[in-house]
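Values in this document were obtained by computation on a predicted structure and should not be read as measured data. Numbering of residues begins at 1 and proceeds along the displayed sequence.
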Amino acid sequence: RRILRRGATPAALRLYDDDVLQAQRESADLLQLAVEAGEVSILDVLVVQRELLDGLLGHLEARLDLARTQARVLAAVDRPQTTPLSELGR
C-alpha cells in the first residue's frame with residue numbers, strides 16, 4: 001500500500017480496481033462458502049473482512065493522493081480545478 005500511496009496515479013487506481021479489490025472480494029466470497037459448509041471459524045471470516053477493508057482503504061487513499069496531486073498541478077499552472085489534466089499540454 002505504501003508504494004501506491006507515494007505514486008498515486010490512474011494506473012495505481014486501476015491496479016486496486018482490477019486486481020487488489022477484485023481478488024479480495026473473491027476471497028471473501030469463497031470464505032463465505034466455506035463458512036456455510038462449516039469449514040472455517042469466525043476468526044477466519046474476520047481476518048478476510050479486515051483485509052478487504054484494508055484494500056478499500058488503500059484504494060480511497062490512492063484516489064485522495066491522485067486528487068491532491070491534480071489539484072497541486074492545476075494550482076501551479078493557475079488553471080481552474082475543473083480543468084482535465086489532459087488539456088494542460090494544449
(message) Quick check on the hydrophobic clustering: are Leu43 and Val45 connected, directly or via other members, by side-chain heavy-atom contacts under 4.5 Å?
(response) no

(request) Find out if a path of hydrophobic residues (ILVMFWY) with successive side-chain heavy-atom gaps under 4.5 Å connects Leu46 to Leu52. (result)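 The answer is no; the residues belong to distinct hydrophobic clusters.
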
(request) Measure from the side-chain N and O atoms of Glu39 to the backbone N and O of Ala34, and report whether any donor-acceptor pair falls under 3.5 Å. (result) no

(message) Nearest 0.5 Å, please: how far is CG in Asp54 from CD in Glu61?
(response) 9.5 Å

(request) Would you give the length of the straight line joining atom CG of Leu60 to atom CG of Asp65, rounded to the nearest 0.5 angstrom? (result) 11.0 Å

(message) I'd like to check the side-chain hydrogen bond (donor to acceptor under 3.5 Å, both in side chains) partners of Arg72; sequence neighbours left out, ordered by chain and number.
(response)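 Arg72 satisfies side-chain hydrogen bond (donor to acceptor under 3.5 Å, both in side chains) with no other residue.
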
(request) Mind checking side-chain hydrogen bond (donor to acceptor under 3.5 Å, both in side chains) for Glu36 and listing every partner two or more places apart, or none if nothing turns up? (result) Gln32

Under 3.5 Å donor-acceptor pairs involving side-chain atoms of residues 21-28, not counting sequence neighbours:
from, atom 1, to, atom 2, distance (Å)
Gln22, NE2, Glu26, OE2, 3.0
Gln24, NE2, Glu51, O, 3.0

(request) For Asp44, check side chain to side chain contact (heavy atoms under 4.5 Å, CB included) against everything at least two apart and list the hits. (result)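 Scan of Asp44 (side chain to side chain contact (heavy atoms under 4.5 Å, CB included), adjacent residues dropped) gives Leu31, Val40, Ser41.
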
